[in-house]
Amino acid sequence: MKEARFWKPENGRVACSLCPHSCKIAPGRRGICGVRENRDGRLFSLIYGKASSVHVDPVEKKPFFHFKPGDKVLSLGSIGCTFRCQNCQNFTISQAQVGEFGLEDMSSEEVLDTCRKTGCKGISWTYNEPTIWHEFSYDTSKLAKSKGYHTNYVTNGFIQEAPLRELAECIDAMNIDVKAFHNEFYKKVCRASLKPVLDAAKLAHELGIHVELTYLVIPGKNDSEAEIRDFSRWVAQSLDPNVPVHFTRFHPDYLMTDVQSTPIKTLDMAYKVAKEEGLRFPYAGNVPGDDRENTHCPKCGELVIGRMGFSIVEMKAKKGKCPVCGENLNMIV
Ligand code: SF4
């Protein structure tokens, strides 16, 4: 247990300012995420150094297609989440309460030792929402950066400005989920809200963090052409047309088993609409072997990175540039 960052006392409670829920927590109670507790008027993280999952993955699996392509990363998760997504694929850990799930104690030094032994070049904070693991991910990422490792977050982007600014000191890349482009979906399906996520994506980009976005396309929920066009236009005009966007295929899970898998023709539409709106690097995800999982130069069309699932099968990009026309591919290598 470790005292949390980003809180202050308020009228006999503690006010947490890590995520936009801004919980006001009474003594002995926890915030919505379930992992931050008011003990005698101070806020504590209950999951500092407590991992639910530790795996070695290709960075492509997060997914990152323009950040350190081909590198292995140590993926770490704990428990808890700020969202309640009905379709969560990791609900056994994201919705677990403290004490319900066996957690492994790990120090920051042990994380880096595991990186070294497994040949990982970086750390990915993933599986459950890393924002609520802030104290441990921040301490460990700072140490990791000092030793030459790279770091990334796979996140729902529901974070306040001050902790995001702090993370920019030590997090190189973020894959941010945009779960839909209308607030009603966020309210009903996730019990959260859209605007803070869009604001965080813009701020992360401004702070120099490499940003990629994932939009899970769910039939009947967020898959209309109008919504995908609005989202793509927002990326192109308010964020950056060079930001890679992964339109991934939904598979039924958790409380959303009554919805079919995303038809390929819907991903066709999303990809086409994204291109029409000016996105330079849209992708289709969860469709191994599909050409839209490859990277093509947006200027001359050359295939610059070929992929099969999460593996790179052809690497022609040179130092993040197209080998034919020299176009910058917005790639951290
Ligand atoms: S991080 Fe947890 S305790 Fe803090 S505001 Fe968000 S949900 Fe509430």
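For the single chain, residues carry numbers from 1 onward in sequence order. Indexing begins at 1, ligand by ligand and atom by atom, following the structure's order. Predicted model, so just to flag it, every value in this text is computed and none were measured.
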Determine whether the side chains of [X] and [Y] contain a donor N or O and an acceptor N or O closer than 3.5 Å.
X	Y	result
Q95	Y254	no
S141	Y149	no
N152	S124	yes

Are F65 and Y283 an aromatic pair, judged by ring center distance below 6.0 Å?
yes

Using a strict 4.0 Å cut-off to heavy atoms of S22, name the atoms of ligand 1 that fall inside it.
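Per the distance check, 5 (S).
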
Does E302 come within less than 4.0 Å of K316, counting only side-chain N to carboxylate O?
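A salt bridge is present here (some side-chain N lies under 4.0 Å from a carboxylate O).
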
Could you tell me whether E3 and R39 have a side-chain N and a carboxylate O separated by less than 4.0 Å?
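Here E3 does not pair with R39 in a salt bridge, since their nearest N and O are not under 4.0 Å apart.
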
Is any protein N, O or S atom closer than 2.8 Å to atom 2 (Fe) of ligand 1, and if so, which?
C33 SG

